[in-house]
Structures are given as C-alpha cells and as structure tokens.
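For reference, the structure discussed in these notes is given below.
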Amino acid sequence: MKKFSRINEAGRSMIEAIGYISVMITISVAMAAAVNSGYYKFRLSRINQELTDLKKVISQRYVAAENYKEVDMETLIEEKIAPWDTRDGTHSFSGDVKIGSGDEQGNTFYIEFDGVPREACVELGMRLWLVNDGTDLDLLKINNKTYAWKFSNSVDDSDYELPAKAADVAEGCTKDYGNDMIWYFN
C-alpha cells in the first residue's frame, strides 16, 4: 500500500484562486470608478474656468475697441491670448467653443459651448455672475430657452429671469449630453 504525504496537499484550491481573482477585479473596478469620478469633477471645474478665462480675455482684448464686432476665436489664437484649454476650439468635454459679436451693433459678444453634459449644464446655468467685473452677463440661452435679467432690454424675449432658479435650469438642460449654452455679455 502506497502512502500519500501531506506535501501533495499544500497547494491552493481552484476556488481560492477564483476568489482571489474576484476580489482583485472588484478592487480594480472600484479604483477605476474613483479615478473616473475624479477626472469628471476636474473637467467640470475646467469648463467653469474656461468660460471665465474666455470672458476675461475678450473683455481685456477689446476694451479699447469701439465695439465687439470683430470678436473671433482666430484672432485670440493668432495673438496667443486665447486660454490654453480652448485653443483647439473645444472645451473640456470636447464640445465646440464659439465666440463672436452678439448683435449687429457689436454692443455685446457671445460665448457658446456646444455638447455640454447635463450636470455641467446645470452647474454653468446656476453660476452667479459678478457685476462690474469688466463685462456683465446680459442673457443666457440653454437649448433655446432664454434667461434674462428682470430689467434687461431682452426680458421680453426671455422664458425665465436671471439669476436662474435650479428648477428652470434643470428644465433647460434637457439632454444627458449635447446641451448647447450661449452667454451674451455687454
């Protein structure tokens, strides 16, 4: 009769190996989700900063001009004063960035962000604007819904008043991805 030694029984079982691999996969998925969430929050912060930077650059570049008729992104890029993040014509969520004169007289200019995710749309729509910091927000459009100040010349054409209420902005930001936002500044 042959005796078996315990040396043959020292290895791990297949079930233990599968359990170990399952735990590692769960940890990896959780880490990836945490990194992805952090990156999304970073992009949310960046899109806010991109809007502020563009507004300031346009205000400073055209302060001595008679009006905003000549505002365009190509000029800002050629003069190397466009915010770094928007020099390729996109914002941090890879949607298009457009700027230009807001009316025929050139009294206003606009900044347009296309392809904004819903959460970013709501945050940007709820943003509080400082008064007299170079240029002032005159009008905001979110997916063809208009928000204007109570005593603005544009109030007759608006759907809602500024500062925008959370429920109104949530109603305006209807798409999960692909919301279009336009800010008009004077």
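Residue numbers count from 1 along this sequence. Atoms considered below: every heavy atom in the structure, side chains included; atoms not considered: hydrogens, waters and symmetry mates.
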For this session: Look at the side-chain heavy atoms of Ile, Leu, Val, Met, Phe, Trp and Tyr, link any pair under 4.5 Å apart, and say whether Phe42 and Phe93 land in one connected group.
Result: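 No, Phe42 and Phe93 fall in different hydrophobic clusters.
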For this session: State yes or no: do Tyr177 and Ile47 share one hydrophobic cluster built from I, L, V, M, F, W and Y residues joined by side-chain heavy-atom distances below 4.5 Å, directly or via other members?
Result: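 As far as the 4.5 Å side-chain criterion goes, Ile47 and Tyr177 are not connected within one cluster.
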Could you pull out the closest heavy-atom pair between [X] and [Y], with the gap in Å?
X	Y	result
Tyr68	Thr108	CB-O, 3.6 Å
Ala170	Val122	CA-CG2, 4.3 Å
Asp103	Ser101	O-OG, 3.0 Å
Tyr62	Asp72	OH-N, 3.8 Å
Leu128	Pro163	CD2-CB, 4.4 Å
Ile111	Leu51	CG2-CD1, 3.9 Å

Does [atom1] belonging to [X] count more than 12 external heavy atoms closer than 6.0 Å?
X	atom1	value
Glu66	CD	no
Gln49	CD	yes
Tyr40	OH	yes

For this session: Kindly assign one of parallel, tilted or perpendicular to the pair Tyr147 and Tyr160, based on the angle between their ring planes and the thresholds 30° and 60°.
Result: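 Tyr147 and Tyr160: parallel rings.
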Exercise. How long is the span from the NZ atom in Lys41 to the CD atom in Glu119, to the nearest 0.5 Å?
Worked result: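 With rounding to 0.5 Å, NZ (Lys41) is 8.0 Å from CD (Glu119).
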Exercise. Taking atom CG of Leu54 and atom CZ of Phe185, what is their separation to the nearest 0.5 Å?
Worked result: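 Here the rounded value is 9.5 Å.
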Please examine the side chains of [Y] and [X], heavy atoms only from C-beta on, and report whether any two atoms are closer than 4.5 Å.
X	Y	value
Glu171	Lys145	yes
Leu139	Ile182	no
Ser59	Phe109	yes
Lys141	Met181	no
Ile142	Cys121	yes

Got a donor-acceptor contact below 3.5 angstrom from the [X] side chain to the [Y] backbone?
X	Y	answer
Asp159	Thr146	yes
Glu50	Pro83	no
Thr86	Gly89	no
Arg87	Ile77	no
His91	Glu112	no
Asn179	Lys175	yes
Asn143	Gly172	yes

For this session: Answer yes if the side chains of Arg43 and Ser94 hold a donor-acceptor pair under 3.5 Å, and no otherwise.
Result: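 Note: Arg43 and Ser94 side chains miss the donor-acceptor criterion.
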Problem set entry | side-chain hydrogen bond (donor to acceptor under 3.5 Å, both in side chains) assessment of Asn48 paired with Ser45 | CA-CA 5 Å; Asn48 235 319; Ser45 171; over 6 Å; no
